[in-house]
There are 2 protein chains.
Amino acid sequence: MRAVDTGGYLKGRIRREDIISAAAGVYGEVGYHGASLREIAKRVGMSHAGLLYYFPTKEALLAAVLERRDAEDAEREQLASPPGLEVLRHYLALASHNVRHPGIVDLYTRLAAEAVAPDHPAHEYFKRHYDEARSGVRDSFRVLAESGELRPGIDPDQATVTFIALMDGLQVQWLTTPDAVDLVASLRFYLQSLLTVPLD
Amino acid sequence: MRAVDTGGYLKGRIRREDIISAAAGVYGEVGYHGASLREIAKRVGMSHAGLLYYFPTKEALLAAVLERRDAEDAEREQLASPPGLEVLRHYLALASHNVRHPGIVDLYTRLAAEAVAPDHPAHEYFKRHYDEARSGVRDSFRVLAESGELRPGIDPDQATVTFIALMDGLQVQWLTTPDAVDLVASLRFYLQSLLTVPLD
DNA sequence: CCTACCGATCGGTAGG
DNA sequence: CCTACCGATCGGTAGG
């Protein structure tokens, strides 16, 4: 009966994952502050007090959502390329994945905007997120600059900040006016305008 | 006693302006949904019920904030240039003004992110805002394309969407990690990379 | 404009 | 995991 006896722990882990997924959905719709534990709990079929059995506070649940996002990022990082063109293509692929999963875009956009407030519980998370994103992209643009694949006169550091800003800004504009924005095409257009070689 | 008798109306108008300013500040800090009428009222020195004497609902106050923003935009539009380089320089000047007034950036960033939700009371406002911004910038890029001031191969429509997205994304990134982002320099860098002539 | 109040909702706790 | 409850806060109304 071993297989059955471990069921308690397994069920708990599954339950936690369900709660995290539901929370991510609600955060995307109404932000973190706008999300109530009662709404999240309802979506997973329990009372809000039951949810607090798994996550002791509202902030602990947010931390779990962000941790899972990091874990998923790290998983993708496993198959990450060395700095260069491939990294930029990887961002294009990510954007194209996101367009098919608007919930992810909603979650990220809503939380990033809320978290500009220094006392927001996700503020440090997004600071770190931006630092890491910049350093990864910067390495790639520098490699491209040295190999002559970056257009002459283009500063790799400026290319980095603007590229990341472009992704963020396109997401807001796309969510607001989806018919007027082709997220992937715009990103491709920008990258191509910086390069001397074809992206694909 | 005529001059004194009109005082009642004048004081009311000033009071309304004070409330709108306080509301804009709170929206920038905690968003529209996170803002309470009591906090806004406290900043202008009255009770929240008193505030509701001037603005009958929470949404009416938001509408007034957005209306004043439009009025300020229209005022600036008065001295607007015909489509072309001057319009882009005008956006640079606006960005440089915003950097010295972070509250404006906060307000815009917070509301824009909240308003991606179709049922947000500012959703239609931001849809219109994006439509108008795109059509103004697009005209300028098209003029520049015809005069050869836009780099060959650059699609004016793509330049438009990405330019506006860049402004939005830079604002979020700048608010989160101010030391790592030079908002005006990044904007200038991008515009210059699209042009065949020096911006300044 | 204020005080006083309403019903609704919030995160969290007690006690099983 | 639940029911039942707590104190706090919300937008809005009544009645001056």
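Residue numbers begin at 1 in each chain, while the letters A, B, ... track the order of the sequences. Computation of the quantities below employed the complete heavy-atom set of this structure, encompassing side-chain atoms and omitting hydrogens, waters and symmetry-equivalent molecules.
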* **Heavy-atom side-chain proximity of L187(B) to F163(B) below 4.5 angstrom** => yes

Can you sort out the partners of [X] under side chain to side chain donor-acceptor pair (under 3.5 Å), two or more places apart, ordered by chain and number?
X	answer
T176(A)	none
S47(B)	none
R138(A)	none
D131(A)	R134(A)

* With sequence neighbours excluded, residues passing salt bridge (Lys or Arg N to Asp or Glu O under 4.0 Å) with D200(B) -> R188(B)

* Structure fact -> Residue set satisfying salt bridge (Lys or Arg N to Asp or Glu O under 4.0 Å) with R89(A), at least two apart, ordered chain then number -> E86(A)

* **Paired and unpaired positions of DNA chain D as dot-bracket, Watson-Crick or G-U wobble under 3.5 Å, | denoting a partner strand** => ||||||||||||||||

* For residues 18-27 of chain A, which residue pairs qualify under side-chain hydrogen bond (donor to acceptor under 3.5 Å, both in side chains), counting only residues two or more places apart or in two chains? ->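 Output for this query lists S21(A)-R68(A).
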
* To do: Specify the residues of residues 47-66 of chain B, ordered by number, for which at least one heavy atom lies under 4.0 angstrom from an atom of DNA chain D.
  => H48(B), A49(B), L52(B), T57(B), K58(B)

* Asked: Considering only heavy atoms, which members of residues 29-38 of chain B lie under 4.0 Å from some atom of DNA chain D?
  ->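 Those residues whose heavy atoms fall under 4.0 Å from DNA chain D, taken from residues 29-38 of chain B in numerical order, are A35(B), S36(B), L37(B), R38(B).
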
* Residues two or more places apart in sequence or in another chain: which of them pass side chain to side chain contact (heavy atoms under 4.5 Å, CB included) with A93(B)? -> none

* Residues forming a side chain to side chain contact (heavy atoms under 4.5 Å, CB included) with K42(A), sequence neighbours excluded -> E39(A)

* Distance in angstrom units between E39(B) CD and dC10(D) P, rounded ->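 Interatomic distance, CD of E39(B) to P of dC10(D): 8 Å.
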
